[in-house]
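Everything numeric here is computed off the predicted structure, so don't read it as measured data.
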Amino acid sequence: MSKPKLLSRILSLFSSRTQVGVDRAGNRYFTRTEEIDGAMKEKRWVVYKGQEQDPTTIPVEWICWLNGQRKKAPTPEELIELEARRERVKQNIELLKKKEEEEIKSGVGQSKAIKKSDTPDLKSFMKQFPELSIDQNRDKEKAARPSVNKTRERSSEPTGSGASYQPGTWQPPS
């Protein structure tokens, strides 16, 4: 493409753009509709304030709009509301941290640290169910399982499919 054509193309792109909004950092957001492969598509982009292009200055709402996750650009009112909400969350975090530090200093709310050696005690758990002892549970589990022909020799590969397949019958060779 020759220089005059390229220059006119660039000028036409910038003249057909529409500014959609500005964020707190001064970044400006634009859109334009252009034909791509016979379909009209919307292009969105940001022009950073100043020479340094720092993507970390773009708020989440604008990132979502740029990526097409939002149909409409964020409004100034929405941005103000979201900024206020973020500020309240920061304040709540600070309050919770202070409260936690005070509890640690005073010894209130300290819980017992769980050690790796601490394991659940099955016997004390089963005492909650006096009608069943551990042995009774095992007997009931065995009775509920379908009987397996124990004289059959174990193969090195699982066998059976469809209606004849019985889960848990195959054991690896020892």
Under the criterion side-chain contact (heavy atoms from CB on, under 4.5 Å), which of Asp23, Ile63, Val20, Ile58 is the partner of Val46? Ile58
Salt bridge (charged side-chain N to carboxylate O under 4.0 Å, His left out) involving Arg85 - partner list, sequence neighbours excluded: Glu81
Contacts table for residues 93-101: side-chain donor-acceptor under 3.5 angstrom, sequence neighbours left out:
none

Would you list the pairs meeting side-chain hydrogen bond (donor to acceptor under 3.5 Å, both in side chains) in which at least one residue belongs to residues 56-68, sequence neighbours left out? Asn27-Thr57, Asp54-Thr56, Glu61-Arg86
What residue pairs, at least two apart or across chains, pass ring-ring contact (aromatic ring centres under 6.0 Å, His included) with a residue in residues 72-97? none
With sequence neighbours left out, which residue pairs that include part of residues 37-47 fulfil the salt bridge (Lys or Arg N to Asp or Glu O under 4.0 Å) condition? Glu42-Arg44
In short, salt bridge (Lys or Arg N to Asp or Glu O under 4.0 Å) pairs touching residues 66-77 with sequence neighbours left out are Arg70-Glu78
Check salt bridge (charged side-chain N to carboxylate O under 4.0 Å, His left out) between Arg24 and all other residues, then give those that pass, not counting sequence neighbours. Glu83
Can you pull out every ring-ring contact (aromatic ring centres under 6.0 Å, His included) where at least one residue sits in residues 70-107? Sequence neighbours excluded, please. none
Tyr29 vs Leu66, side-chain contact (heavy atoms from CB on, under 4.5 Å): CA-CA, chis, key distance, verdict: CA-CA 8 Å; Tyr29 300 89; Leu66 287 168; 4.1 Å; yes
Thr31 side chain reached by Trp45 side chain, heavy atoms, under 4.5 Å: no
State, to 0.1 Å, how close Gly38 and Glu35 come at their nearest heavy-atom pair, and which atoms those are. CA-OE2, 3.4 Å
Sequence neighbours excluded, every pair satisfying ring-ring contact (aromatic ring centres under 6.0 Å, His included) that has a member inside residues 69-98: none
Can you list the residues that meet the ring-ring contact (aromatic ring centres under 6.0 Å, His included) rule with Tyr48, with sequence neighbours excluded? none
